[in-house]
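What follows is a set of notes on a single structure, which appears directly below.
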Amino acid sequence: MVTDLALYDIANVAGVAADLSHCNTPVRVSAHTGPEELEAALTGAELVIIPAGVPRKPGMTRDDLFNINAGIVKSLAEGIAKYCPSAIVNIISNPVNSTVPITCEVMKKAGVYDPKKIMGVTTLDIVRANTFVAEAKGLDVKDVNVPVIGGHAGETILPLLSQTTPSVSLEDEEAASLTTRIQNAGTEVVEAKAGAGSATLSMAYAAARMAESVLLAKAGEKVIECTYTESTMVPDLPYFSSQVVLGPEGIAEFLPLGDLSPAEQDGLEKMKPLLTKNIAAGVEFASNN
């Protein structure tokens, strides 16, 4: 599915590219360092994945990363708008709740915005939910799917445990405990690393899954994933993560949220002020910078 892989960063790209180029695949790997090489990295791209930025450290929230990562994402979005405006964009850089609106506003300003193509990667929340539910209920994790809606930070992460496939029976207390763990799983990793970074390996796995899904959909397969994007699924929340059908041009269809349990409905209401604030911060940053 991949013919060319262009790596871009402000430093230390050549070594990573050399390392990857030794993998026994037909993919051509190229290295691009610094703003003067951004055009070469992006020109002709069909899928752009943005994991750029600084990681969380103990005591930090994803919002604490905003001032640094927002500027990085904005500059990359400007490059995408200029050099590969028709590319599908997968945004990993935190806080995703804000960096996706930043990217969309940049594309709008450039006159090349296509809402089907800008996707915040919340896949790690689904990966974690699937893993934790499988462990709790003794299931094979490859058979488990838990939709996760909302956003990608704290209480905005809402696993729909009542819609788990296969269906599982959870007492209210167990469901609440699992929900809290899924919401705080990133902090669990940050604290375990004790200042040495945040989730990297599990994030890479989730990013690869989302990228593969996008590429399979571009090749004509029907693929369902959750993604954080411009949405009308929930009134007053212009950006929201939910299940979508991916197609050759990006998001082809939004799937209904389905029936939420009382606890999940309560969680949806509770997330609204924080998610609204995160969205507004992104829009405001893009407008003022």
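The figures that follow rest on heavy atoms only: side chains count, while hydrogens, waters and symmetry mates do not.
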To the nearest 0.5 angstrom, please state how far the OG atom of Ser21 sits from the CG atom of Asn24. 12.0 Å
Hey, are the side chains of Glu253 and Val244 touching, using non-hydrogen atoms and a 4.5 Å cut-off? no
Test: Lys117 and Glu230 ion pair at under 4.0 Å: no
Would you say that more than 12 heavy atoms from the other residues, nucleotides or ligands in this model lie under 6.0 Å from the CD1 of Ile224, or not? yes
Are the side chain of Glu37 and the backbone N or O of Tyr8 linked by a donor-acceptor pair below 3.5 Å? no
Whether the side chain of Ser177 engages the backbone of Glu174 through a donor-acceptor N/O pair (distance < 3.5 Å, no angle test) should be reported. no
Point-to-point distance, once rounded to the nearest 0.5 Å, from NE2 of His152 to CG of Leu275: 12.5 Å
So do Thr227 and Gln243 actually touch side chain to side chain, heavy atoms under 4.5 Å? no
Worked verdict on Thr156 versus Asn97 for side chain to side chain donor-acceptor pair (under 3.5 Å): CA-CA 9 Å; Thr156 70; Asn97 290 358; 3.3 Å; yes
side-chain contact (heavy atoms from CB on, under 4.5 Å) for Val144 and Val146? Distances and angles first, verdict last. CA-CA 7 Å; Val144 177; Val146 182; 4.1 Å; yes
Same cluster or not: Met203 versus Leu20, using hydrophobic residues (I, L, V, M, F, W, Y) connected whenever any side-chain heavy atoms lie under 4.5 Å apart? yes
Evaluate whether atom NZ of Lys82 has more than 12 neighbouring non-hydrogen atoms of other residues, nucleotides or ligands under 6.0 angstrom away. no
Worked check of side-chain contact (heavy atoms from CB on, under 4.5 Å) between Ser98 and Phe285: CA-CA 9 Å; Ser98 302; Phe285 181 88; over 6 Å; no
From CA spacing to verdict: side chain to side chain donor-acceptor pair (under 3.5 Å), Thr229, Lys116: CA-CA 8 Å; Thr229 187; Lys116 302 188 301 296; over 6 Å; no
Please tell me whether Ser169 and Lys137 have a donor and an acceptor in their side chains that are separated by less than 3.5 angstrom. no
Give, for atom CD1 of Ile91 and atom OG1 of Thr103, the distance between the pair rounded to the nearest 0.5 Å. 3.0 Å
Donor-acceptor pair, distance only, cut-off 3.5 Å: does the side chain of Thr164 make one with the backbone of Leu161? yes
Side chain to side chain donor-acceptor pair (under 3.5 Å) evaluation trace for Thr123 with Glu225: CA-CA 8 Å; Thr123 317; Glu225 288 283 4; 4.8 Å; no
Considering only NZ, NE, NH1 and NH2 on the basic side and carboxylate oxygens on the acidic side, decide whether Glu78 and Lys74 come within less than 4.0 Å. yes
Atom CG in Leu47, atom CG in Leu215: separation rounded to 0.5 Å? 5.5 Å
Is a donor on one side and an acceptor on the other found under 3.5 Å between the side chain of Ser93 and the backbone of Ile50? yes
Are Leu216 and Leu246 connected into the same hydrophobic cluster when the rule is that any two of I, L, V, M, F, W, Y join if their side-chain heavy atoms are below 4.5 Å apart? yes
Report yes if some heavy atom in the side chain of Ile149 is under 4.5 Å from a heavy atom in the side chain of Thr122; otherwise report no. no
Close side-chain approach of Ser198 to Val189, heavy-atom, < 4.5 Å: no
Please check if the side chain of Asn184 supplies one atom and the backbone of Thr180 the other of a donor-acceptor pair under 3.5 Å. yes
side-chain contact (heavy atoms from CB on, under 4.5 Å) assessment of Glu249 paired with Ile88: CA-CA 8 Å; Glu249 298 301 317; Ile88 293 173; over 6 Å; no
Any idea which heavy atoms bring Ile92 and Pro51 closest together, and the distance? CB-CA, 3.9 Å
Within the distance-only criterion (no hydrogens, no angle test), does the side chain of Gln265 pair as donor or acceptor with the backbone N or O of Pro262 below 3.5 angstrom? no
Gap between atom CG of Leu158 and atom CD1 of Ile182 - 0.5 Å precision: 9.5 Å
Would you check if the side chain of Ser75 reaches a backbone N or O of Ile72 as a donor-acceptor pair within less than 3.5 Å? yes
Set out, in order, the CA-CA distance, both residues' side-chain angles and the distance that settles side-chain contact (heavy atoms from CB on, under 4.5 Å) for Val245 and Leu255, then state yes or no. CA-CA 7 Å; Val245 178; Leu255 298 180; 3.8 Å; yes
Give a yes or no on this: more than 12 heavy atoms of other residues, nucleotides or ligands lie within 6.0 Å of atom CD of Glu46. no
Just checking Lys109: does its NZ atom have more than 12 heavy atoms from other residues, nucleotides or ligands closer to it than 6.0 angstrom? yes
Salt bridge present between Lys108 and Glu105 (N-O < 4.0 angstrom): yes
Does atom CD (Glu171) have a neighbourhood of more than 12 heavy atoms from anything else shown, all under 6.0 Å? no
State whether the number of non-hydrogen atoms from other residues, nucleotides or ligands found under 6.0 Å of Asn288 atom CG is greater than 12. yes
So, taking the atom named CG in Leu268 and the one named NZ in Lys270, what distance separates them when rounded to the nearest 0.5 Å? 12.0 Å
So for atom CD, which belongs to Glu269, do other residues, nucleotides or ligands contribute more than 12 heavy atoms lying within a distance under 6.0 Å? yes
Looking at Asp143, I'd like to know if its CG atom is crowded, meaning that more than 12 non-hydrogen atoms belonging to other residues, nucleotides or ligands lie closer than 6.0 Å. yes
Would you say the side chain of Cys104 lies within less than 4.5 Å of the side chain of Tyr239, judging by non-hydrogen atoms? yes
